[in-house]
Amino acid sequence: MRLFTLKELLAQTRSNGFAVGAFNFNNYEDAQAIVNAAISQNAPVILMASSGAIKYMGLHQLYHMVLGIAEVSTVPICLHLDHGTDVDLIKKAIDIGFPSVMIDASRHAYADNIAITSEISHYADEHNCSVEAELGKVGGKEEDIVVADNADVLTDPEDVIPFIQQTNIDALAVAIGTVHGFYKKDPNLDFARLEKIAGITDCPLVLHGGSGLTDDEFKKCISLGIQKVNVGTELKSGFSNTLRQMSEKLSSDEFDPRCFMKPVKDAVTAIVEHKLQVFGSDGKAQLYIE
Ligand code: G3H
Ligand code: ZN
């Protein structure tokens, strides 16, 4: 299959009452594990590459690896640049063929966020690439992006319509109390704020900081209008913990990396399979296949 744009994947979500899972990957095993889960659940899926993952793997190599995975996939896959802050890198990703990017200019003042987001939105539009942007600031730490605990961060519903109209984006990341990385205290989600935002716009809404939320919290957010859910840290943790266990289990003269990596991949697949079920996206791949 070809790669799908974010706009295409999110076009089916609101009317069918589910969210598409978006998962960060950092290597081939991650990417394959995520897609294996999507195939087993017959679900559409979004593979997200952060700037750090692109630096680690190489833009060209990463793009063509995912293209190869998608070509033999039986479910729709979108490749998405996550939390892009470097306009040049985002444009390079669009040039090479990414069907979706996130411009994260949320650390800037509102007017500058609009200006930077609009620049990417115009560029992406000419290349059939979707754009996600962030309004408010999702808390915690996502690679180089750190938001202080006491920052005034939540998305102001008053800003939503002018932001979407002026930037012409395809998806909006909202700050409703979720946090990147593991939660240091129980999540305190502002469901009323989410409901209000979903009530005033048809623009698909994105939930960041999915690691550590309960199944019920996900389901409630989706019922109130979330159409894309991002999960990263939980996969990194599942990957590393399983790799540690394998290192302890296997004898010291075992040197075939596949003996270590197959259980690691299976652990990541199991995490993603569960999320896809919670998000209600299992069985939804057919919606995209003519
Ligand atoms: O953009 C990435 C996500 O928001 C991941 O957040 O690592 O807390 O799951 P998480
Ligand atoms: Zn995020």
Side-chain angles (χ1 to χ4, degrees), residues 6 9-10 19-27 30-31 33-34 37 45-56 62 78-86 89-90 93 98 100-107 113 117 130-147 149 151 153-155 169-189 194 204-215 217-218 221-222 226-241 267-268 270-272 274-276 278-279:
L6 184 62
L9 287 197
L10 300 185
V20 180
F23 303 94
N24 290 101
F25 69 98
N26 291 289
N27 50 55
D30 275 341
I34 294 164
V45 77
I46 300 162
L47 289 174
M48 299 199 296
S50 65
S51 306
I54 290 173
K55 202 169 162 192
Y56 179 72
L62 182 154
C78 172
L79 172 62
H80 176 80
L81 168 58
D82 190 33
H83 286 287
T85 53
D86 175 348
L89 177 65
I90 297 172
F98 270 55
S100 181
V101 293
M102 175 184 186
I103 167 68
D104 181 351
S106 61
R107 68 186 187 284
N113 189 352
T117 300
S130 301
V131 175
E132 174 185 336
E134 181 169 323
L135 187 57
K137 295 188 188 90
V138 175
K141 182 175 183 313
E142 172 68 27
E143 299 202 326
D144 295 341
I145 304 168
V146 183
V147 176
D149 284 349
V153 291
L154 300 188
T155 306
I169 50 171
D170 302 293
L172 180 71
V174 288
I176 58 158
T178 56
V179 168
H180 284 125
F182 283 125
Y183 287 80
K184 292 180 194 146
K185 51 187 179 192
D186 282 348
N188 180 18
L189 305 188
L194 171 59
L205 303 178
V206 182
L207 188 73
H208 281 247
S211 299
L213 297 185
T214 64
D215 293 356
E217 285 168 329
F218 282 127
C221 287
I222 294 164
I226 287 294
Q227 292 172 252
K228 169 178 180 263
V229 180
N230 287 13
V231 181
T233 303
E234 206 171 321
L235 271 56
K236 273 188 187 166
S237 169
F239 187 108
S240 303
N241 289 339
V268 174
I271 296 168
V272 175
H274 179 70
K275 298 287 184 237
L276 295 174
V278 172
F279 303 162

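Both counts, for ligands and for their atoms, begin at 1 and track the order of listing. In this text, all values refer to a predicted model and were calculated from it rather than measured experimentally.
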Original post:
CG of N230 to CE of M102: how many Å apart, nearest 0.5 Å?
Top reply: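 One gets 7.5 Å once the value is rounded to the nearest 0.5 Å.
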**OP:** Enter the distance from L81:CG to I54:CD1 here, rounded to the nearest 0.5 Å.
**Re:**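 Atom-to-atom, L81:CG and I54:CD1 are 4.5 Å apart.
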**OP:** Show all protein N/O/S atoms under 2.8 Å from the Zn ion (ligand 2), or state that there are none.
**Re:**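 Sorted hits: H83 NE2, H180 NE2, H208 ND1.
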Subject >> Check: T155 side chain, A175 main-chain N or O, donor-acceptor pair, under 3.5 Å >> reply: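 It does hold such a pair.
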**OP:** Give a yes or no answer on whether the side chain of D104 reaches the backbone of E134 with a donor-acceptor pair at less than 3.5 Å.
**Re:**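 Between the backbone of E134 and the side chain of D104 there is no qualifying donor-acceptor contact (under 3.5 Å).
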Original post:
What about H208: any of its N or O atoms under 3.5 Å from an N or O on ligand 1?
Top reply: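 Min N/O separation from ligand 1 is below 3.5 Å for H208.
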Original post:
Got an N/O contact under 3.5 Å between M48 and ligand 1?
Top reply: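 In fact, backbone or side chain, M48 has no N or O that close.
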Numbered atoms of ligand 1 (with element) below 4.0 Å of [X], judged on heavy atoms:
X: H83; result: 1 (O)
X: G232; result: 5 (C), 7 (O), 9 (O), 10 (P)
X: T233; result: 7 (O), 8 (O), 9 (O), 10 (P)

Original post:
If hydrogens are left out, which of A22, G209, G212, G140 has an atom nearest to atom 4 (O) of ligand 1, that is, the closest non-hydrogen atom?
Top reply: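 Residue with the shortest heavy-atom distance to the ligand atom: G209.
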Original post:
Does V179 reach ligand 1, in the sense of a heavy atom lying below 4.0 Å from it?
Top reply: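 Right, V179 reaches ligand 1.
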**OP:** Please state whether H180 comes within less than 4.0 angstrom of ligand 1, counting heavy atoms only.
**Re:**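 A heavy atom of H180 does come that close to ligand 1.
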**OP:** Indicate the ring-plane relationship of H208 and H180, choosing parallel, tilted or perpendicular according to the 30° and 60° boundaries.
**Re:**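 The rings of H208 and H180 stand perpendicular, inter-plane angle above 60°.
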To the nearest 0.1 Å, how far is [atom] from its closest protein heavy atom, and which atom is that?
atom: atom 1 (O) of ligand 1; value: D82 OD2, 2.7 Å
atom: atom 3 (C) of ligand 1; value: N230 CB, 3.3 Å
atom: atom 8 (O) of ligand 1; value: G181 N, 2.9 Å
atom: atom 9 (O) of ligand 1; value: S211 OG, 2.6 Å

[X] side chain near [Y] side chain, heavy-atom distance below 4.5 Å:
X: T178; Y: C221; answer: no
X: I226; Y: F218; answer: no
X: V229; Y: V278; answer: no
X: I46; Y: K228; answer: yes
X: F239; Y: N27; answer: yes

Original post:
Should we say atom OH of Y56 is surrounded by more than 12 heavy atoms from elsewhere, each under 6.0 Å from it?
Top reply: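 No, because the 6.0 Å sphere around OH of Y56 holds 12 heavy atoms or fewer from other groups.
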Original post:
Regarding H274 and D215, is there a side-chain donor-to-acceptor distance under 3.5 Å anywhere?
Top reply: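 Judged by distance alone, the side chains do pair up.
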